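Read the structure below first, then the notes.
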There are 2 protein chains.
Amino acid sequence: MSPTKEDYIKVLFELGGRFNRVSNKEVSNRLDISPPTVTEMMNSLVKVEWVEYTPYKGSILTDKGTEYAKEIIRKHRLWEVFLFEKLGFDIEDVHAEAELLEHTTSDDVADKLESYLGYPEYCPHGGAIKIDLMDMQEDYTFTISEAKAGTEVVISRIVDEEKLLKYFKNQHLNIGDRITVTDIDSSIDLITLTAEEDKEIQISISLGNYLFVEPI
Amino acid sequence: MSPTKEDYIKVLFELGGRFNRVSNKEVSNRLDISPPTVTEMMNSLVKVEWVEYTPYKGSILTDKGTEYAKEIIRKHRLWEVFLFEKLGFDIEDVHAEAELLEHTTSDDVADKLESYLGYPEYCPHGGAIKIDLMDMQEDYTFTISEAKAGTEVVISRIVDEEKLLKYFKNQHLNIGDRITVTDIDSSIDLITLTAEEDKEIQISISLGNYLFVEPI
DNA sequence: TTTAACGTTTAGGATACCCTAAATATTAAA
DNA sequence: TTTAATATTTAGGGTATCCTAAACGTTAAA
């Protein structure tokens with residue numbers, strides 16, 4: 001299907017569209033596309049049976065849509081590994097390039113690329129590459145905003161959006177880091193963590209939704 | 001610019017649009033797009049200054065258009081090398097895949113890919129990859145249809161169009177083969193060649209236009 | 001040189017995506 | 001529960017790319 005449609009279902013997937021309704025507003029914000037255009041596209045995605053849509057209520061991915069989204073995300077992550085490991089790109093730059101290449105990658109190229117890369121498990125941002133691993137990763141990890149105060153966790157994945165990557169990097173929060181969630185205060189939207197060497201870091205709960213961790 | 005426009009200037013380049021006017025008919029046939037659409041697109045390419053167009057007479061690439069076409073062809077050929085050498089694709093299949101990837105490849109990715117591949121000189125079909133080599137290749141090679149009877153030549157390049165590749169492969173004509181042009185008869189559109197082990201091969205002059213050779 | 005064949009353009013339309021402005025529905029606050 | 005804020009949709013447009021049918025130019029054969 002068209003790159004445009006692929007972008008929409010990818011975003012739906014990333015916003016949890018397998019299990020929850022995703023509002024047009026969220027999609028509109030994420031893709032920086034006007035709300036009316038999103039409404040229009042959702043109706044078009046319903047026609048190809050990738051999405052179930054209830055006006056005013058939002059969209060949910062169908063099984064078909066979910067499969068397709070996963071395939072694109074797999075291609076995206078494979079290119080990220082290639083660009084990072086083989087071509088020597090900076091980790092911050094691979095996302096934008098993969099974003100382009102993913103839409104013109106046949107299944108055949110993806111399979112051969114995966115083999116060439118040695119069947120990597122994760123992309124440079126910690127996202128699972130194998131289709132079934134994507135689900136498992138969802139089951140075993142949670143965002144730091146969902147953690148309970150006092151738990152010790154390892155950062156396993158950062159939602160790969162350029163600005164977020166830059167933000168967490170600047171906060172010295174990287175994949176593989178062990179951190180302890182000291183305090184979560186929803187009243188003031190703040191999470192307090194302790195990282196290596198007892199350094200204290202504070203981030204907002206809303207931004208914490210983009211930082212996935214797993215318990216130790 | 002858009003993938004569509006890129007396809008048009010690539011075809012103009014391949015049809016000799018740097019030096020001769022290319023008719024809309026030729027473009028229409030090559031891209032399998034209706035003549036009116038080609039007329040329309042040519043006008044649009046004039047607007048971005050990639051093409052000079054005289055109604056009813058045809059198009060010529062501007063310097064700007066030529067540069068752009070070369071960049072895309074370079075990306076195309078780099079991907080072909082990658083797909084063939086690294087991913088193990090069959091030579092017949094690389095063209096179609098490269099056709100897709102070339103449009104979503106940034107200059108940065110192309111440069112790093114070129115370096116990763118060790119700065120290859122030619123794509124698997126014998127096409128030059130470096131921009132200046134592309135011109136040189138034009139100067140030193142000619143199509144077998146332009147050869148004089150009696151000359152001995154080496155096949156250096158086959159225009160990479162799937163059907164043509166298949167055709168020449170079936171005729172046992174491959175890049176690197178030494179052949180002798182025995183006879184060229186324009187009255188019946190036929191070229192007779194002698195290949196290894198004195199095997200005789202006959203092809204039409206029109207198809208010979210897609211087989212580039214260089215003198216020994 | 002007149003005409004037939006063929007290439008090209010004009011006219012009129014379709015679809016995919018995108019937009020703004022205005023109307024409408026939903027939800028949260030008063 | 002009424003209102004105000006916010007999300008969503010409808011209405012009306014715009015551009016890029018494609019198409020067919022019909023009109024028009026060019027060229028080469030008769």
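Chain identifiers are assigned alphabetically (A, B, ...) following the order of the sequence lines, protein sequences preceding nucleic acid strands; residue numbering begins at 1 within each chain. What you see is a predicted model; the values in this text were computed from it and never measured. Computed from heavy atoms alone, side chains included, the values below leave out hydrogens, waters and symmetry copies.
- For A/Ser2 and C/dC17, the shortest distance from a side-chain N or O to OP1 or OP2 is below 4.0 Å.
- The aromatic rings of A/Tyr68 and A/Trp50 sit tilted relative to each other, their planes meeting at an angle between 30° and 60°.
- For B/Phe84, the ring-ring contact (aromatic ring centres under 6.0 Å, His included) test picks out no residue, with sequence neighbours left out.
- Summarising the geometry, atom NZ belonging to A/Lys130 is positioned 14.0 Å from atom NZ belonging to A/Lys70; distances are rounded to the nearest 0.5 Å.
- Judged by distance alone, the side chain of A/Glu214 and the main-chain N or O of A/Tyr140 form no donor-acceptor pair under 3.5 Å.
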Any chance you could lay out the side-chain contact (heavy atoms from CB on, under 4.5 Å) test for B/Tyr122 and B/Ile129, step after step, and finish with the verdict?
-> CA-CA 5 Å; B/Tyr122 303 104; B/Ile129 288 174; 5.7 Å; no

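- Heavy-atom distances under 4.0 Å link DNA chain C to B/Pro35, B/Pro36, B/Thr39 of residues 33-48 of chain B, given in residue order.
- Taking 4.5 Å as the limit, some side-chain heavy atom of B/Thr105 sits within range of a side-chain heavy atom of A/Leu101.
- Straight-line distance from the CD atom of B/Glu26 to the C1' atom of C/dG7: 12 Å, rounded to whole Å.
- Side-chain contact check for B/Thr143 versus B/Tyr210: every heavy-atom pair is 4.5 Å or farther apart.
- One interatomic measurement links the two molecules: CG of A/Asn29 to P of D/dT6, which rounds to 13 Å at whole-angstrom precision.
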At a cut-off of 3.5 Å, list every protein nitrogen or oxygen paired with a nitrogen or oxygen from nucleotides 23-29 of chain C, distance to 0.1 Å.
unit_1: C/dA25; atom_1: O4'; unit_2: A/Tyr56; atom_2: OH; d: 3.3

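- Partners of B/Glu161 according to the side chain to side chain contact (heavy atoms under 4.5 Å, CB included) rule, which considers only residues two or more places apart in sequence or in another chain, are B/Lys163, B/Leu164.
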Side-chain donor-acceptor pairs under 3.5 Å in residues 10-19 of chain A, sequence neighbours left out?
unit_1: A/Lys10; atom_1: NZ; unit_2: A/Glu99; atom_2: OE1; d: 3.2
unit_1: A/Lys10; atom_1: NZ; unit_2: A/Glu99; atom_2: OE2; d: 2.9
unit_1: A/Lys10; atom_1: NZ; unit_2: A/Glu102; atom_2: OE1; d: 3.3
unit_1: A/Lys10; atom_1: NZ; unit_2: A/Glu102; atom_2: OE2; d: 2.7
unit_1: A/Glu14; atom_1: OE1; unit_2: A/Arg30; atom_2: NH2; d: 2.7

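- For the segment residues 4-25 of chain A, residues with any heavy atom less than 4.0 angstrom from an atom of DNA chain C are, sorted by number, A/Thr4, A/Lys5, A/Tyr8.
- Ring geometry for B/Phe82 against B/Tyr116 counts as tilted: the plane angle lies between 30° and 60°, on a 0 to 90° scale.
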